[in-house]
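Read the structure below first, then the notes.
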Amino acid sequence: MRIAGLKHCWRLAAALPAVALLTGADRFDAVVLDLVMPDLDGLGVLAKMREASLTTPVIVQTAHGGIDNVVTAMRAGATDFVVKPVGAERLQVSLRNALAASALAGELNRIKRSRTGTLTFRDIVTRSARMHAVIRTAEKAVGSAIPVLIEGQSGVGKELVARAIHGTGDRRAKPFVAVNCGAIPDNLVESILFGHEKGAFTGATDRHIGKFVEASGGTLFLDEVSELPPAAQVKLLRAIQESEVEPVGARKPVRVDVRIISATNRDLITDVMQGRFREDLFYRLHVFPINVPPLAERPEDIPELVRHFLARFAAEEGKRVTGISPEALTLLCAYRWPGNVRQLENAVFRAVVLADGSEIGVLELPQIAQAAQGANALPQAPIATMPSLEAPCLGAPSLVAPSLVAPSLAASGLTESHTTDSLPAVLYARLALLDATGDIRPLEEIEGEVIRFAIAHYRGQMSEVARRLQIGRSTLYRKLDSLGLATEPESGPPQPVVNG
């Protein structure tokens, strides 16, 4: 069952199926758990989650709100406790707080693992099918010493993929040494990479072992490898071929055992054809290529990335910023991000510093708003709450929408100023007809996307949605049911509750 605001939502009446689902391959952002269930009580589910080392935030609900129950549930690992019947607004607050705390804990753990070289593919924040394809490809390189070349624009996360390969493989207990080849002066490249002996040249007052020896047994990550000067390319080729390096001024070479992962933001084939990069070195590095797509081609990652950056920077800056407005998230989703994830990270950092309240709005994103207005890319109606699987901006888990079919403007987060005549043009440009493999998407998927957009655009007025789509209301509800969308009659209250 799908419920607005969360990408995958399930309502289960028994505990054991929920435990099986939580401990499976799918990742869940939050659980709303009843203490009383027929096969296993809520405390038993919490115990099972603890045994499986699951850190998913859990909100416990029960009809008996005694202090003993609260203490027992919190000691068992619950994040929050609510008493039934719980209002939708109260549950939204609990979910938002739980997700913010979970995101912060995840960011802190990710930073720790990054510093110790033990990042894994689970640390890559993504909901994009294209990025999941990249991860599946990268996972195949983990168990081998095959040279990997990661290609992609600046700021897409090439080093993160390299660290995940290292942190998942057999060399994870050994060093991960990253070198930015474009930041090294030409006259120092050989010394920094391969080392030098004392007195080898003017200023060499001490012996330097070099990055290859420093990374011995582990992984050497050569970022922007295309920037290496020709002389260093020759020595790098020999080091890869012979598994040995010759420090400057040394009398004999030094054996090394290093896994090489390189990265570039340029087209190396073009550089080879134009004589800027050695062809033989290209074939040594380009054994297992991985291409990381730019952020503009995976906009569904933006809400999740914003959530993680928001939690991290709010903690670092000591600000009580816990969310982002739908209008601001829409703005971020509509922007093309030429600087990719790094630019988005900096934009969120700046917004957290500028924020005076608990929520980031459009006013905290002046540069992005100005750029969007200049390009006529600023949508006139919020789309952040639209629960579309393929829309350009999926609802972030920390932004729990009131309901897919909101019975009122207040519930849907819209105001009277948002008219149905102003469609966000960015959606038309992003309605993908092809899947990641280049094949036509199934008609059911495209139809479901159009229906979700119509519901969001006409603010849950199902009669108007059916009329505009030129189908009967019974047909519309039947299609919604086949798509797994949770709906209520237009006069009924929203039901944004997920039972774990």
Is the closest side-chain donor-acceptor distance between [X] and [Y] under 3.5 Å?
X    : Y    : value
D301 : S128 : no
T120 : T168 : no
N265 : Q153 : no

message = Is the distance from the ring center of F313 to that of F349 below 6.0 Å?
response = yes
Less than 4.0 Å between a side-chain N and a carboxylate O, is that true for [Y] and [X]?
X    : Y    : answer
R127 : E300 : no
R266 : E227 : yes
D257 : R171 : yes
R342 : E345 : no
R136 : E139 : no

query = R276: what forms a salt bridge (Lys or Arg N to Asp or Glu O under 4.0 Å) with it, not counting sequence neighbours?
reply = D271
Check whether any side-chain heavy atom of [X] sits under 4.5 Å from a side-chain heavy atom of [Y], and report yes or no.
X    : Y    : result
M462 : Y477 : yes
V134 : F121 : no
L220 : F176 : no
L329 : C333 : yes

request  = May I ask you to decide if L160's main-chain N or O and R163's side chain share a donor-acceptor pair within less than 3.5 Å?
outcome  =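 Not at all, since once roles are kept as given, no pair shorter than 3.5 Å links the two residues.
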